[in-house]
Structure formats: structure tokens, C-alpha cells
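Structure, as C-alpha cells:
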Amino acid sequence: EAENPPTQTQRPEPVNLIMIGMAGSGKTTLMQRMNAYLHERNDAPYVVNLDPAVAKLPFQANIDIRDTVDYKQVMSEYSLGPNGGILTSLNLFATKLDQVMEIVEKRAQSKRYFLYDTPGQIEIFTWSASGTIITNTLAASHPTVVVYVVDTPRSASPATFMSNMMYACSILYKTQLPFLVAFNKTDVVDDAFAREWMADFEAFQRALAAEEDETFMNSLMHSMCLVLDEFYTHLRAVGVSAMTGQGIPDLFAKIDDAVAEYHAEF
Ligand code: GDP
Ligand code: MG
């Protein structure tokens, strides 16, 4: 009598996704939408909240920094303002990161996607020692993709667009991780203008010159346009709406592309 071989459930390869973006760009809402999308496909992700100051989470987090640190208490204990309170809370959390990572690895044996939401204010995560430690620790554990969330309606002016893209560029060079720009809120403003500006830097320069004084379009701005043009050549970008779910399948397709490319390189 032939025996059935034991069914081997293949463990999907884990991928970390870190949501980064300006305050109000929609990191938390997009993460909720990605979470819902994966649940629908029976591919429930592992969800981590790293924002100690979020009042209400629209998703059920597997790990929540608020269970470890009370940021209001940290503020009063150390006589800090809100930003100092959030930063100190993140530092306190980072001191326990090894324990957190143990829990993540143990409890999530069968997960593919690990979603990490970060504090509302971008610089608290991107320009702090603890943010860097968390990012590097994740990157050392599994392929890690930065999902840079852009508030598309609020980036529709050329100067704002440029500063947001310069910020994205700086995070790419700082983290050196697979990187994806998610133009969010396409239900409000389509991301076609962004694609045009990224594809044709002369069109972007014309838009910039039309908006600003002649004097503003100086040689520094010209050089920055050239830097960004180089940045765009290798950039993965996708238009999404965290509100309606538009573009979410494409977002995951591009995430998987980024991971595949990462594997091809290393
Ligand atoms: P975070 O600070 O980056 O985490 O941003 P939130 O996720 O808290 O979102 C900030 C605001 O933008 C909230 O009022 C959201 O409802 C809104 N928002 C987020 N994503 C979208 C979107 O795709 N479309 C629209 N119309 N609003 C959005
Ligand atoms: Mg948030």
C-alpha cells in the first residue's frame, strides 16, 4: 500500500514592506488597503505599527508599538513636545528590537508580506538612529522594499513635486533598498502629470518656469532636474488610491518585480 508523502507546505519567501512618506500622504490608509487586498486573496500579511502617536488604527496590527510605549507618558516623563515624544518612543522600542524580531519570525512562519507602518512625520523615521536601526535590521532579515507614498494632489505644483522627489531620492540613497513610489490619492488627482514630468524633464522645466519667477529657474534648479532625471530612469512608480483600491494589484506586481530584481543582483 502506497503511502502518501507528507504534504510539504512551501513557506513563501518573506518580504518586508516599509511605508514611508510625508505626514498625511496616506501611509496608514494605504497599508490598510494593502492589508485588506491580501486578506481577500487569502494571503494575510503580518502587520506592524511603528507609529506611537496614531490615535486609531484602521487595521488589526500583529505588533503595535503602542503596546510597548505610551507616547503621552513618555512626553510628560521626559518633558518633551509631540515630536520628541514620538522619537523617544521609537528609541525605546528600538532597544527591544531583537525581542520584537524574534516574535515576528516565530509567529509568522507562513506569511509572505510583512507590512510596517511608520510615524506620520517622515523625518522621525528617516533621520533618526532608531529608524535607521529598524530599517537595517529588517533589511538584514529578508528582502525589504521601501514604499514611498506621495500625496499626489498636494504634489501637483512643480516645486512641491520636485522637493518631494528629492526627498524620495535622498531616502533611496540613504537606505540603498529596493524602492517604489506610490502616487496615492489618484481618486482625487490622476498621476498622469507626474508620469509626464518624470518621462520628459523639459516638460517639467517648462512647468517649473511657468510657475516661478524667471530668476528662480536658475542653474541649481536646472542641475536638480538633471539629478532627478537620472533618479527617474531606474524608478518604479505606480498610481494608487488607498481610498478606492485602484492600482493595488499593480502595486503588488511592482513590489514583486523589485524583489525579483533584488534577487538577481545578490
Ligand atoms: P499618514 O499620515 O501618511 O499615515 O496618512 P493617513 O493614512 O492618516 O491619511 C491622511 C489623510 O489622507 C486621511 O484623511 C485619509 O483619509 C486621506 N487619504 C489617504 N489615502 C487617500 C486616498 O487614496 N484618497 C483620498 N481621497 N484620501 C486619502
Ligand atoms: Mg499614519
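In this chain, numbering begins with 1 at the start of the sequence shown. Read the numbers this way: they start at 1 and go in the same order the structure lists the ligands and their atoms.
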- Query: ligand 1 and Val240, any nitrogen or oxygen pair closer than 3.5 angstrom?
  - Reply: no
- Per atom 7 (O) of ligand 1, closest listed option by heavy atom (Asn184, Ile20, Thr29, Leu57): Thr29
- Message: In this structure, would Met101 and Leu90 fall into the same cluster of hydrophobic residues linked by side-chain contacts under 4.5 Å?
- Response: yes
- Query: Any protein heavy atom sitting closer than 4.0 Å to atom 14 (O) of ligand 1?
  - Reply: no
- Query: Within a radius below 2.8 Å of the Mg ion (ligand 2), how many protein N, O or S atoms are present?
  - Reply: 1
- Could you check atom 17 (C) of ligand 1 against the protein and tell me its nearest heavy-atom contact, residue, atom and distance included? Lys185 NZ, 4.0 Å
- Residue pair Gly26 / Val149: nearest heavy atoms and the distance that separates them: C-CG1, 4.2 Å
- Task: State yes or no: do Leu38 and Leu30 share one hydrophobic cluster built from I, L, V, M, F, W and Y residues joined by side-chain heavy-atom distances below 4.5 Å, directly or via other members?
- Result: yes
- Is a side-chain donor-acceptor pair under 3.5 Å present for Asp191 with Thr186? no
- Query: Hey, is the main chain of Lys185 close enough, under 3.5 Å, to the side chain of Ser241 for a donor-acceptor pair?
  - Reply: no
- Query: Looking at ligand 1, does Ser25 have a heavy atom less than 4.0 Å from it?
  - Reply: yes
- Message: Measuring from atom NZ of Lys27 to atom CG of Asp151, what distance do you get when rounded to the nearest 0.5 angstrom?
- Response: 10.0 Å
- Message: Can you classify the ring geometry of Trp127 versus Tyr167 as parallel (below 30°), tilted (30 to 60°) or perpendicular (above 60°)?
- Response: perpendicular
- Query: So, Tyr37 and Arg41: side-chain donor and acceptor under 3.5 Å apart, yes or no?
  - Reply: yes
- Going by heavy atoms, is Met31 under 4.0 Å from ligand 1? no
- If you measure from each non-hydrogen atom of Thr28 to ligand 1, which part falls under 4.0 Å: side chain, backbone, both or neither? both
- Query: Do we see a donor-acceptor contact under 3.5 Å between the side chains of His222 and Gln205?
  - Reply: yes
- Message: Over 60° means perpendicular and under 30° means parallel, so tell me whether Tyr46 and Phe114 are parallel, tilted or perpendicular.
- Response: tilted
- Which residue owns the protein heavy atom closest to atom 26 (N) of ligand 1, what's the atom, and how far is it? Asp187 OD2, 2.9 Å
- Atoms of ligand 1 under 4.0 Å from any heavy atom of Met22, numbered from 1 in the order shown, are 3 (O)
- Nearest to atom 1 (P) of ligand 1, what protein heavy atom do you find, and at what distance? Lys27 N, 3.6 Å
- Which protein heavy atom lies closest to atom 27 (N) of ligand 1, and at what distance to 0.1 Å? Met243 CE, 3.4 Å
- Can you tell me which residue and heavy atom of the protein come closest to atom 23 (O) of ligand 1, and the distance to 0.1 Å? Ala242 N, 2.8 Å
- Message: Taking NZ in Lys72 as the centre, count heavy atoms belonging to other residues, nucleotides or ligands within less than 6.0 Å. Is the count above 12?
- Response: no
- Query: How close does the nearest protein non-hydrogen atom get to atom 10 (C) of ligand 1, and which residue and atom is it?
  - Reply: Gly24 O, 3.5 Å
- Judged by modelled atom types alone, do Asn164 and Ser155 share a side-chain donor-acceptor pair under 3.5 Å? yes
- With a cut-off of 4.0 Å, which atoms of ligand 1 are near a heavy atom of Val188? 26 (N)
- Message: Before you tell me yes or no, could you show the steps for Phe252 and Tyr113 under ring pair (Phe, Tyr, Trp, His ring centres under 6.0 Å), namely the whole-Å CA-CA distance, both residues' side-chain angles and the distance that decides it to 0.1 Å?
- Response: CA-CA 10 Å; Phe252 276 101; Tyr113 296 104; 5.1 Å; yes
- Query: Going from CD1 on Ile171 to OH on Tyr148, what distance comes out if it is rounded to the nearest 0.5 angstrom?
  - Reply: 5.0 Å
- Query: Does the N or O separation between Ala23 and ligand 1 drop below 3.5 Å for any pair?
  - Reply: no
- atom 5 (O) of ligand 1 - nearest protein heavy atom and its distance: Gly26 N, 3.1 Å
